[in-house]
Undergrad: 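Got a structure for you, written out below as structure tokens; questions coming shortly.
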Amino acid sequence: QMCIRDSFDGMLQDLEKALDDGVKNGMLPALPVKIVAIAVFGAVFEIIATMVITPGFDVKKAIETLSQLLFVHTGK
């Protein structure tokens, strides 16, 4: 159980770092990186869970939509 938690914590930290780098590089607006990372991580988890239980679920469309939501504020 601890190994799984460590894996999730590591993935969340990687996402936070990527978002923080995006803010520092001007690719993303100044935003609360930890909160955005948690929201994105949760959304990805839900997409995976839905994919598992829903035959024919369009994962590509879901990821594209999530990306659009993340970057809508930046205009990128």
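Since this is a predicted model, take the numbers as computed values, not measurements.
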Undergrad: Should V23 and I38 be counted in the same cluster of Ile, Leu, Val, Met, Phe, Trp and Tyr side chains packed under 4.5 Å apart?
TA: yes

Undergrad: As an exercise, state the distance from CG of D14 to NZ of K17, rounded to the nearest 0.5 Å.
TA: 9.0 Å

Undergrad: F57 and I47: side-chain contact (heavy atoms from CB on, under 4.5 Å), yes or no, with the steps?
TA: CA-CA 9 Å; F57 181 72; I47 288 170; 4.0 Å; yes

Undergrad: With sequence neighbours left out, what residues match F41 under ring pair (Phe, Tyr, Trp, His ring centres under 6.0 Å)?
TA: F8

Undergrad: With the 4.5 Å side-chain cut-off for hydrophobic clustering, are L15 and M11 part of the same group?
TA: yes

Undergrad: Can you name the closest pair of heavy atoms from L66 and A43 and give their distance?
TA: CD1-CB, 3.8 Å

Undergrad: Measure across D20 and V33 and return the closest heavy-atom pair with its distance rounded to 0.1 Å.
TA: N-CG1, 3.9 Å

Undergrad: Report whether V59 and I48 are members of the same hydrophobic cluster (ILVMFWY, side-chain heavy atoms less than 4.5 Å apart, transitive linking).
TA: yes

Undergrad: State yes or no: do V40 and M51 share one hydrophobic cluster built from I, L, V, M, F, W and Y residues joined by side-chain heavy-atom distances below 4.5 Å, directly or via other members?
TA: yes

Undergrad: According to side-chain hydrogen bond (donor to acceptor under 3.5 Å, both in side chains), does anything in residues 28-47 pair up with another residue at least two apart or in another chain? List the pairs.
TA: E16-K34

Undergrad: Assess whether atom CD1 of I63 is packed by more than 12 heavy atoms of other residues, nucleotides or ligands within 6.0 Å.
TA: yes

